[in-house]
Asker: 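My questions will all concern the structure given below.
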Amino acid sequence: MAESVVLPVIDLSSSDRISTANSIRQACMEYGFFYLVNHGVEEEVLENVFDESRKFFSLPLEEKMKLGRKDDVGFAPIYAENLDSSTTSKEILPSWRFLMEKYYKKVLSTGERLSTLIALALNLEDDFFKKIGALDKPYGFLRLLHYPGLNAAAGEIEEEEVVYGASAHSDYGMITLLATDGVPGLQVCKEKHKQPRTWENVSHVKGAFIVNLGDMMERWTNCLFRSTLHRVMPTGKERYSMAFFLDPNPDCMVECLKSCCSESSPPRFPPIRSGDYLRDRITAAYSYS
């Protein structure tokens with residue numbers, strides 16, 4: 001049975017930005033994950049968006065498939081590896097677009113504020129990511145997730161079968177801000193290159209975002225900051241979560257930061273355009289043999 005990991009808690013409202021940045025640096029070097037509290041997204045907003053998510057996923061499959069995935073947005077059935085609010089039927093979900101756009105704007109603002117502290121954590125000016133164009137019309141992507149409550153005891157899966165809500169992966173981009181409904185299942189593996197892998201449970205902290213870094217941030221920092229492997233295991237209960245991916249403007253060049261390389265630690269990755277990197281990763285994720 002997996003142990004629970006004790007993740008750092010970062011207070012976004014703290015007036016001591018240097019101390020907060022130092023805490024983020026330590027968290028990103030050791031875990032690549034941390035809790036973010038006092039982030040500015042009200043509990044009522046989170047509850048309303050979760051309610052809308054439950055309403056959508058409770059619709060018949062044929063209704064959800066009318067919003068099938070196209071150009072990276074839309075509904076994808078389980079195991080297909082997000083929703084376009086502009087195409088949702090107002091008759092079925094009249095509050096959908098308003099609530100989703102409200103949440104999107106708030107969590108985008110939270111992510112941009114967090115990016116200034118991450119810049120400070122990397123010994124850069126707090127507006128570094130803005131200056132290089134990463135946050136000039138950033139690629140913000142909201143994905144609503146529903147994990148069915150599969151249960152081996154009820155015969156829904158075989159006892160010996162390993163079934164994942166989401167199999168082991170790391171995120172592709174810059175920063176992910178995750179809200180969950182409190183149902184457990186999320187696990188992390190800090191040492192992704194070691195075998196056998198050791199998995200630890202991530203506990204729910206009411207009102208907190210679970211923040212993790214993506215592979216693009218790992219490239220930027222020359223692996224100083226971790227893009228940590230994670231997965232979701234079934235618990236027999238339905239689970240809802242909302243992942244907001246804050247990624248750079250597609251034209252932003254991602255290259256090793258000067259504060260993260262030296263003569264003894266040269267850049268491990270060549271420079272790459274953010275949009276090209278994300279496109280390659282997304283295409284690979286949705287490619288079927």
Side-chain angles (χ1 to χ4, degrees), residues 1-12 20 22-37 39 46 78-79 81 107 110-111 114-115 117-118 121-122 141-147 149-150 162-247 281 285:
M1 182 177 294
E3 300 290 332
S4 292
V5 64
V6 180
L7 295 177
V9 178
I10 304 298
D11 186 347
L12 192 58
T20 302
N22 288 336
S23 295
I24 289 175
R25 181 182 178 89
Q26 196 67 26
C28 293
M29 290 173 62
E30 291 187 7
Y31 301 96
F33 268 77
F34 55 87
Y35 297 110
L36 188 69
V37 298
H39 43 64
L46 284 167
I78 188 170
Y79 307 134
E81 189 6 359
V107 74
T110 297
L114 178 59
S115 74
L117 291 168
I118 290 176
L122 290 165
F141 189 83
L142 176 61
R143 189 174 188 185
L144 307 183
L145 299 160
H146 172 229
Y147 304 93
L150 299 177
V162 178
V163 176
Y164 302 98
S167 58
H169 67 284
S170 55
D171 293 344
Y172 311 147
M174 186 176 176
I175 310 168
T176 302
L177 295 96
L178 179 74
T180 74
D181 64 353
V183 174
L186 178 63
Q187 296 182 333
V188 297
C189 173
K190 290 196 295 181
E191 301 297 338
K192 60 186 176 184
H193 299 299
K194 289 186 178 180
Q195 294 291 343
R197 289 171 176 164
T198 300
W199 292 96
E200 298 175 280
N201 294 316
V202 178
S203 301
H204 174 73
V205 173
K206 186 175 176 56
F209 282 128
I210 300 170
V211 177
N212 66 280
L213 305 182
D215 297 337
M216 196 177 299
M217 185 63 79
E218 190 172 71
R219 289 178 70 103
W220 244 326
T221 64
N222 212 28
C223 296
L224 176 68
F225 284 4
R226 294 172 182 258
S227 176
T228 301
L229 208 63
H230 51 285
R231 67 184 185 184
V232 177
M233 299 297 290
T235 61
K237 296 181 180 180
E238 279 191 297
R239 183 178 188 272
Y240 292 86
S241 64
M242 301 182 296
F244 180 80
F245 304 97
L246 178 60
D247 298 328
R281 295 295 303 273

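Everything numeric in this text was worked out from a predicted model, so none of it was measured.
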Asker: Should Asp215 and Arg281 count as an ion pair when the cut-off is N to O under 4.0 Å?
Answerer: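 So Asp215 pairs with Arg281 through a salt bridge.
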
Asker: With rounding to the nearest 0.5 Å, note down the distance linking CG in Leu114 to CG in Leu246.
Answerer: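 Separation between the atoms: 8.5 Å.
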
Asker: Closest heavy-atom contact between Ala121 and Ile24?
Answerer: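 That closest heavy-atom pairing would be CB-CG2, 4.2 Å.
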
Asker: Can Met29 and Leu224 be said to form a side-chain contact (heavy atoms from CB on, under 4.5 Å), step by step?
Answerer: CA-CA 6 Å; Met29 290 173 62; Leu224 176 68; 3.9 Å; yes

Asker: Is it true that a side-chain atom of Asp181 and a backbone atom of Val183 form a donor plus acceptor pair closer than 3.5 Å?
Answerer: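 Such a contact is found between Asp181 side chain and Val183 backbone.
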
Asker: Looking only at heavy atoms, which two atoms of Arg231 and Met233 are closest? And how far apart?
Answerer: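 Closest heavy-atom pair between Arg231 and Met233: NE-SD, 3.5 Å.
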
Asker: Between Ile210 and Val202, is there a side-chain heavy-atom distance shorter than 4.5 Å?
Answerer: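 In short, these two side chains touch, coming nearer than 4.5 Å.
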
Asker: For salt bridge (Lys or Arg N to Asp or Glu O under 4.0 Å), just list the numbers for Glu191 and Arg226, CA-CA rounded to whole Å, side-chain angles, deciding distance to a tenth of an Å, and then say yes or no.
Answerer: CA-CA 10 Å; Glu191 301 297 338; Arg226 294 172 182 258; 3.3 Å; yes

Asker: Starting at CD1 of Ile175, measure out to CZ of Phe209 and round the result to the nearest 0.5 Å.
Answerer: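 So the gap between those two atoms works out to 12.5 Å.
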
Asker: Looking at every heavy atom in both Ser170 and Leu229, which two are closest together, and how far apart are they?
Answerer: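 Nearest pair, atom of Ser170 first, then Leu229: N-CD1, 4.0 Å.
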
Asker: Using only atom types and a distance under 3.5 Å, with no angle test, would you say the side chain of Asp247 pairs donor to acceptor with the backbone of Met174?
Answerer: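 Yes, the answer is positive, given that a donor and an acceptor are paired below the 3.5 Å cut-off.
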
Asker: Say whether, by atom type as modelled, one donor and one acceptor occur between the side chain of Thr228 and the main chain of Tyr31 under 3.5 angstrom.
Answerer: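 Side chain of Thr228 to backbone of Tyr31, a donor-acceptor pair under 3.5 Å: yes, one is there.
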
Asker: Let me confirm one number: the CZ-CG distance from Arg25 to Leu117, rounded to the nearest 0.5 Å.
Answerer: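 These two atoms lie 14.0 Å from each other.
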
Asker: If only side-chain N and O atoms count, and only distance matters, is there a donor-acceptor pair under 3.5 Å linking Thr110 with His39?
Answerer: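 On atom types as modelled, these side chains do not qualify, holding no pair under 3.5 Å.
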
Asker: I'd like to know if the side chain of Asn201 reaches the main chain of Ala2, judged simply by a donor and an acceptor atom lying under 3.5 Å from each other, with no hydrogens or angles considered.
Answerer: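 Between the backbone of Ala2 and the side chain of Asn201 there is a qualifying donor-acceptor contact (under 3.5 Å).
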
Asker: Leu186 and side-chain contact (heavy atoms from CB on, under 4.5 Å): which partner among Thr180, Val5, Leu178?
Answerer: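 Result for side-chain contact (heavy atoms from CB on, under 4.5 Å) with Leu186: Leu178.
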
Asker: Dump the intermediate steps for side-chain hydrogen bond (donor to acceptor under 3.5 Å, both in side chains) on His146 and Glu238, then the final yes or no.
Answerer: CA-CA 7 Å; His146 172 229; Glu238 279 191 297; 2.8 Å; yes

Asker: Step by step, work out the side-chain contact (heavy atoms from CB on, under 4.5 Å) result for His169 and His230.
Answerer: CA-CA 6 Å; His169 67 284; His230 51 285; 3.2 Å; yes

Asker: If I compare all heavy atoms of Pro8 with all of Phe33, which pair ends up nearest, and what's the gap?
Answerer: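 Residues Pro8 and Phe33, closest heavy atoms: CD-O, 3.9 Å.
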
Asker: Hey, what do you get for OH (Tyr147) to OH (Tyr240), rounding to the nearest 0.5 Å?
Answerer: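 With rounding to 0.5 Å, OH (Tyr147) is 12.5 Å from OH (Tyr240).
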
Asker: Roughly how far, to the nearest 0.5 Å, is CE of Met216 from CG of Asp171?
Answerer: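 Reported value, rounded in 0.5 Å steps: 11.0 Å.
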
Asker: State the CG-CD distance between Leu7 and Glu200, to the nearest 0.5 angstrom.
Answerer: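 So the gap between those two atoms works out to 8.5 Å.
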
Asker: Do you know which two heavy atoms are closest between Gln195 and Arg197, and how far apart they sit?
Answerer: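 What the structure gives for the nearest pair is NE2-NE, 3.7 Å.
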
Asker: Could you please spell out the steps behind the side-chain contact (heavy atoms from CB on, under 4.5 Å) verdict for Tyr35 and Ile10?
Answerer: CA-CA 6 Å; Tyr35 297 110; Ile10 304 298; over 6 Å; no

Asker: Which heavy atom of Ser227 sits nearest a heavy atom of Gly214, and at what distance?
Answerer: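 Minimum heavy-atom separation between Ser227 and Gly214: OG-C, 3.2 Å.
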
Asker: Strictly below 4.0 Å, N to O, side chains only: are Lys192 and Glu218 in salt-bridge contact?
Answerer: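 Yes, charged N to carboxylate O under 4.0 Å.
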
Asker: Decide side-chain contact (heavy atoms from CB on, under 4.5 Å) for Leu213 and Thr221; before the verdict, give the C-alpha distance in whole Å, the side-chain angles of both, and the deciding distance to 0.1 Å.
Answerer: CA-CA 11 Å; Leu213 305 182; Thr221 64; over 6 Å; no

